[in-house]
Amino acid sequence: MKFENVIIGNSSAAIGCVEAIREIDSDADILMVSADRQAYSRALIPYYLRGKIELEGLLYRRQEFFERLNVETKFGIRVERIDTNKKEITLENGEIVGYEKLLIATGGKPFIPKIEGLNARDFFTFQTLEDVLRIKEAVEKAESAVILGAGIIGLMLAEALVEKGLEVKVVELADRVLAPVLDKKTSEIVQRKFAEKGVEILLNNTILEVRRNEKKILRLKDGREIETDLLAIAVGVVPNAELAKNAGIKVNRGIVVNKRMETSVKDVYAAGDCVEIFDSIAKTSRPIPLWITAYMGGRIAGFNMSGIPRDLSFVTAMNSMHFFDYYIITAGLSNSEDGEVISRLEGENYRRFVLRDGKIVGFIIAGKVGRAGIFTRLMEEELEVSGFKDKLLNDNFGYVDIPEAIRWNLLKEKVKFGVVRDAWI
Amino acid sequence: MKFLLKKDEMFSFMLPEFLVERRGDRCIKCRVCERQCGFGVHSYDEMSNTMRADEMKCVGCQRCAVMCPTKALIIRPHPSDYRPNANWTREKIQDLKKQAESGGVILTGSGCDKPYRIYWDHIVLNAAQVTNPAIDPLREPMELRTFLGRKHDKLEFAFDGGEIELVTELYPNVQIETPILFSAMSYGAISYNAFKSLAMAASEYGTLFNTGEGGLPKELRKFGKNAVVQCASGRFGVDPEYLNVAAVVEIKIGQGAKPGIGGHLPGEKVTKPISVTRMIPEGTDALSPAPQHDIYSIEDLSTLIYALKEATNYEKPVSVKIAAVHNVAAIASGIARAGADIIAIDGIRGGTGAAPKIIRDNVGIPIELAIASVDERLRREGIRNKVSLIAAGGIRNSADVVKAIALGADAIYIGTPALIAMGCTLCQKCHTGICNWGICTQDPQLSKRLNPEIASKRLVNLLKAWSNEIKEMLGAMGINAIESLRGNREMLRGVGLQEWELEVLGIKGAGE
Amino acid sequence: MRIVVKPEVCMGCQICEIWCLVAHSMSKDILNAFLLEKPRAKPRIVVERNPSEYLILQCRNCEEPKCMFACISGAIYKDNGVLKYNEEKCVSCLSCVMACPYGAVKFEDGKIVRCDLCNLDPVCVKVCPNKALEVVS
Amino acid sequence: MKFYDLFLDFSRKLDELIPRIRVQGDLAEIDAKDLTHKEINDLIRYAVFEHNCNKIRLLNVVGQRYIGTRIFSRNPRKISVEIFGYPGNDLGAFLAGHKIVVHGNAQDGVGNTMDDGEIIVHGRAGDVVAMSMRGGRIMIRDDVGYRTAIHMKEYKEKVPVLIVGGTSQDFLGEYMAGGRVILLGLYSAKHRGRYIGTGMHGGIIYVRGKLEPWQVGREVGILELSSEDFKFLEKHVGDFCKEFGFNADEILGDKFVKLLPVSKRPYGKVYVY
Amino acid sequence: MRGFEKVHDACGLFGVIDRSGSRFDSDMVVTAMKNMKVRGNGLGGGFAAYGIYPDFKDYYALHVMLETSEVRKDVESFLEKNFDVVNAEEIPTNLEANVFRPPVFWRYFVMPKNDEGDDYVVSKVMEINTKIDGAYVISSGKNMGVFKGVGFPEDIAEFFLLHEYRGYMWIGHSRFPTNTPGWWGGAHPFNILDWSVVHNGEISSYGTNKRYLEMRGYFCTLLTDTEVMAYAVDLLMRKQGLPIEIVAKILAPPMWDQIDRMDEKSKKIYTALRITYAPLLINGPWTIIVARHGEMFGITDRIRLRPITSGEKGDLFFVSSEEAAIRAACGELDRVYTPMGGEPVVGRLYKFEKAERRSQRGEVFA
């Protein structure tokens, strides 16, 4: 059995890849192999836990999608190994499938720090459908929870658990929540939001040891011991790159890819949370585990796999998050102090821009998030904004505030390649 | 309107001219009226969540009433009035108060609105019955093509070798497909978009627009073959290329709305693009002297006519535009003999972008009488075919066009009807530089309101409609070419006119 | 297709916005939509205004729609070349707001508000008194 | 009363006139004796466009108008016309960048609405010299008449210049909206013109010699010259002296005054809306 | 200008010429007119005959209508003053004929004083018509004459004893005026010098045409629109020397859309004609027959709102409102032709053949 395109994984990058291939070529055969039984959206996990959506709602693309796009699927099957010489993959059931082009989109996996006494049954992670089903069950019996890690996932889980009536504590090693993306002011607002809901956030702290009686007893760095029914670990995600590594593909922190999403081995592409990629703003290669980055990476890989050379031109970290209806959007070097920083805080509305050489390299917009995408665009275009930088801080900043000479050029859509005709649910 | 205390202003004794009524059950507070009023009449008050109106500022242009999505606005003359007085009308009292408060000469825009007799409304047309057939213009040919320029008394042919050769060399003539031209409205007086709309419409329909005295912007020179370019006392934008791209060169001596008065485009209207076209620095007053300072006599006019013919290599008809004044017939005769190919005569009701009100309303004579007496005079002298006559000022519909041509005009200039077609409501505030319809303004935000694509289409529709109506009237008379109407006063009869008026018009009374 | 504004003739009257609201109201009647319906329908058009300028923006129906790429729930999708939005699937994560380079996706009263192109017969284009909006393919 | 077209009816066809022209390479010489205005310009066009002449010499000119007016073409070729005799009114009207030199006196309307180029008169000129002139330069060796430089205008780098060796009669620079006029007053101690610069709202008039305040319109202020003004005068007066054989240093050594409009908007307050 | 009444009429026209130049009597023309009796209503009839005064062929024959006998003195003293009168006589009439209140007709054979020519004659005719109340010159050509009045054509023929004249060319007219009282001067043909015109129709452009002709020195005095035809033809053909083929294109020009489709040369000529002679476009429904010595032509308006037919038999050439009238006069024909609107049909003496060939070769007027 041999396919022109084989995709390992079925999440964002994989879907992006399939949709791109089909824009170019309606005939090429595609096989999608994934350990997951269904193509669901991991980013929706917290919403499911909160009951905002039903299980059905987790499905990013339904099975009909694959039929309609004529994609052969082998879901619920793990890939054992890749042989890049023979251009074959071996599945866990022993089946061998040949490929002409291969996309590795194996995603990421939760990072579990070393904690004394911790074993797998003691804690939950919060990434997969299995995880959330387990948590859902556990929540029914639990009264209290401790979450290690005050990142986006940790805090969203905290919000969900508070809503379920649990007494929640969050333990965070850094001196504030969301330290990698928020500055002090926004962190404080978020902390205040959680405090108002009774969530205790233990900063500059971590769990050193887990012990058990009826409940779990956690010994913290500051020496305190706290009891909890439920422990969740959400300190981050790391690339799931073993498969690639074993196949002899170059891996640093993640699978190394270039702008065309090509790995070190010919005809093997990689995209999504499993790769490390060049951050156009931070000017360094690193894993950027974001939904849109994964989708775009997969999409670019799809074009290149179909013989259409195309680069992923702009990548940087960007996040949209919300806690107790407080919305925050960040991008780039959002909390950097290195450069010209302009900001305005009014109540809980906050805008902060980091400028270098008159160009935006990062921003935080919180409260009235308005039309934050415009700033991402300005970053991507590397537009000199010093001429109107004061206006950036207005809640209703828009294209009208950009000088007319460049405004209309910006409003032209720059289609690099590919026209999306259809993308079904 | 903020009902705030005012300081440092002379308390005004003026009454508001218009009443702004807002129907509460209709107003959705969408604030379209506020955004549409260049005069700042409407405003929204947040505290009371109401729309307000400052009626002192309202000019009755009806922009808000038209644009209001729920038609919640009624703008009508203000019912507050002085004691009725046939002598001291409201207008007279208001003008006087305005002068008492300012000490200025009152300026106004648009044409004279005084009730001098409108002769068009006292002239009726003929139609064929029984003895000759009326012609159905929808199915049979009906010709409105008109040529403007000097005509020969006779043609000479040579019959060499069996071939017929035309020996006579024709004078330059310009062909138009309907005897209706757009009158002079300069870029500066009207907005770029309005100006461009006129050019586009003239070009599409095959007639002419008139640049007025403000020049022709470079990018619009492609419309030159449909342009009458003016050479007026200010000589703005007059360069050799301007003269040579045109279809007709017109010397502007006078204007019906302000005979004997020069032009004055205030410095604030001389924006960058205007200054490029007029070739004067930005912000400078563009002054057009009352006379042309190289024309103090009829010989001097002749000098300029031939200077322009020289400058254009005798390829273009030269027109002379004058205001209709008391001895217009003798003046026209002189102009014809001075070498003009076309004489345009502008009557007392002709429009203007700005004129002293006292002049506009009191100087000049109606075009009906002027055109009749000029035509008759030129015929008596045997030189009617030496010039084409264009009647202007106060033409309101196609019947007026037909009557003017039957009185003796070759073609008609329309200014105000063209403006109305584009949206003008004759609020007479052209001179303020604020025009809510985007026509008579240089404010870039206001001029945007006139989309040349729409406005030119409206103008073409106007020309089409009038031309079709003219064809209907011609058909009814049993005539199938406009030249058979020209000077055909048999087709006219007067109603309710005195003997002297019939005599001047050269028509019989109805029933005679 | 895409709705674009011709800035040289857009006069900022916002009549497009008013009728957009009506088109997305329950009653489709301007008076009811504004005066009676609670909550009032939301116009999809983005009107930018500062003291001296204005700009009307509709969804550009991008050929490569970033909002769709960013959408984590599949609520934004394309159907036969037209971007569509399924409110039921949306979890208001605001990824689309973050991604849309034109700021054409609005977030108002906890809901994503975005242009639906009125089933390819956009009301805003029809009502524009100055033909400043046009549909281009 | 018979009707005549003053030009077409009295002008002969070009074919009849061709013997009047002598072409020698680049130069065409035309004997203008008894020729009409139109005939002269017909011949000039013939020389310029049929024979590609760039230099025209007109002999025996007496009163023929519009000389040089009809050489406009989209081709920017510059023609030089030398006139011997007494050209008539509107010499170089609408002139499109060409050069005209007159050996004799000129009449009214020299350079009327002239666009660009140069007119040099070795003698005097009549009324309305440089009316509505928009560019180029006119140099008159002797005096000029009424309403000189009326409504002269300028735009950006296109600044017309008029230099008069003698003096001017009344209404010099009326309505003037731009450009530069230099009045050298070489032949009399005093200027006699009145209403100078009335309605003036742009441009500069330089006057050498004495000027009483009553001679100047109320829209005009009398100022001292700056170093920039002197630089300007040096160039143009220098050219003038070279052309007509005067001593520039001597002339420039004398006192000049500068007339400037006090407002770009002289009538802004007269009207109410 | 005021006091004028335009006459609206619908009429019968007829013309016949013997191209060899042989003279013949009035029989054919009277028969033909009688045949078209229903086209008239007895309020007007008339004839023009060419070649009838061979004895005085170098003198202008003035047929003068005198409404009263007193006015004759004024006319005769005016004539004495301006002409050498070689013969003066009352035109013989039959007072028994069925006509309505006939005036008196005199004819004078005259020669202008001081060797003056045609223009002089025209101006003197205009002077009599406008200045001498009650006197009208109804024809003024050489070796020809007009006989017309109020009555049916055959009655007019009888009144004027027409069978006693012999000419090589005759035209006739039967009139149906609708709104003017019968007036002898208003009957057709209209004549100036040797130009005679009979007309069927109504000229909608009358006011335009009349005012243009007035500018050229023609004054319309006969209270009918046909007059402008006669004067227009006189102006164009006699004064300006244009051939009938060109005159036809002035009176009834092609439509602009037709001109737009022509080749450049023709377009230029037709455009020149239309713009120069625009006031002489004769608009409305009409057919005319125009005669002068040596030739006769018929033409209609450009969209042919009134009828015309021509016919040939041997040397004879006919133009008529109806084919039946020609056949009534002549029986079998060699050729019958109905021209297009605005297309002239021409009958000429053979001795003018050269001119005829010339015009036929002028292809643009084909």
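Quick note on labels: first sequence line is chain A, next is B, and so on, each numbered from 1.
- Per-residue heavy-atom pair counts under 4.5 Å with chain A were compared for C/V97, C/L57, C/V91, and the maximum is reached by C/V91.
- Of the listed residues (C/L55, C/L83, C/I72), the greatest number of heavy-atom pairs within a distance under 4.5 Å of chain A belongs to C/I72.
- No part of A/E56 comes within reach of chain C, as not one of its non-hydrogen atoms sits under 4.5 angstrom from that chain.
- Residue C/C100 touches chain A through its backbone alone, counting heavy-atom pairs closer than 4.5 Å.
- For C/C96, no part lies near chain A; criterion is any non-hydrogen pair under 4.5 Å.
- The six-membered or imidazole ring of A/F353 lies near that of A/F375, with a centre-to-centre distance under 6.0 Å.
- Taking the ring centroids of A/Y40 and A/Y60, they lie at or beyond the 6.0 Å cut-off.
- The two residues A/A366 and A/Y326 make their nearest non-hydrogen contact at CB-OH, 3.2 Å.
- A/D401 and C/N50 share a side-chain donor-acceptor pair at under 3.5 Å.
- Using a 4.0 Å cut-off between a side-chain N of Lys or Arg and a carboxylate O of Asp or Glu, A/R299 and A/E23 qualify as a salt bridge.
- Listed options A/N396, A/I15, A/V400, A/D325 were ranked by heavy-atom pairs under 4.5 angstrom with chain C; first place goes to A/V400.
- In terms of heavy-atom pairs under 4.5 Å with chain A, the best-connected choice from C/P7, C/A99, C/S95, C/G110 is C/P7.
- A side-chain donor from one of A/E19 and A/Y295 sits under 3.5 Å from a side-chain acceptor of the other.
- For a residue to count as touching a neighbouring chain, one of its non-hydrogen atoms must lie under 4.5 Å from one of that chain's; by this rule A/R42 does not touch chain C.
- Within the 4.5 angstrom heavy-atom criterion, atoms from both the backbone and the side chain of C/S92 approach chain A.
- Interface residue A/M318: backbone and side-chain heavy atoms are both found under 4.5 Å from chain C.
- In terms of non-hydrogen atom pairs under 4.5 Å with chain A, the most contact-rich of C/A70, C/A104, C/P101 is C/P101.
- The 12-atom threshold is exceeded at NZ of C/K28, counting heavy atoms of other residues, nucleotides or ligands nearer than 6.0 Å.
- For C/V46, the part lying near chain A is the side chain, with the backbone staying farther off; criterion is any non-hydrogen pair under 4.5 Å.
- Around the NZ atom of A/K52, the shell of radius 6.0 Å holds more than 12 heavy atoms that belong to other residues, nucleotides or ligands.
- Only the side chain of A/I329 comes within contact range of chain C, with at least one heavy atom under 4.5 Å from a heavy atom of that chain.
- For the residue pair C/Q58 / C/R2, no side-chain donor-acceptor distance below 3.5 Å is found, with atom types taken as modelled.
- Residue A/Y399 touches chain C through both its backbone and its side chain, counting heavy-atom pairs closer than 4.5 Å.
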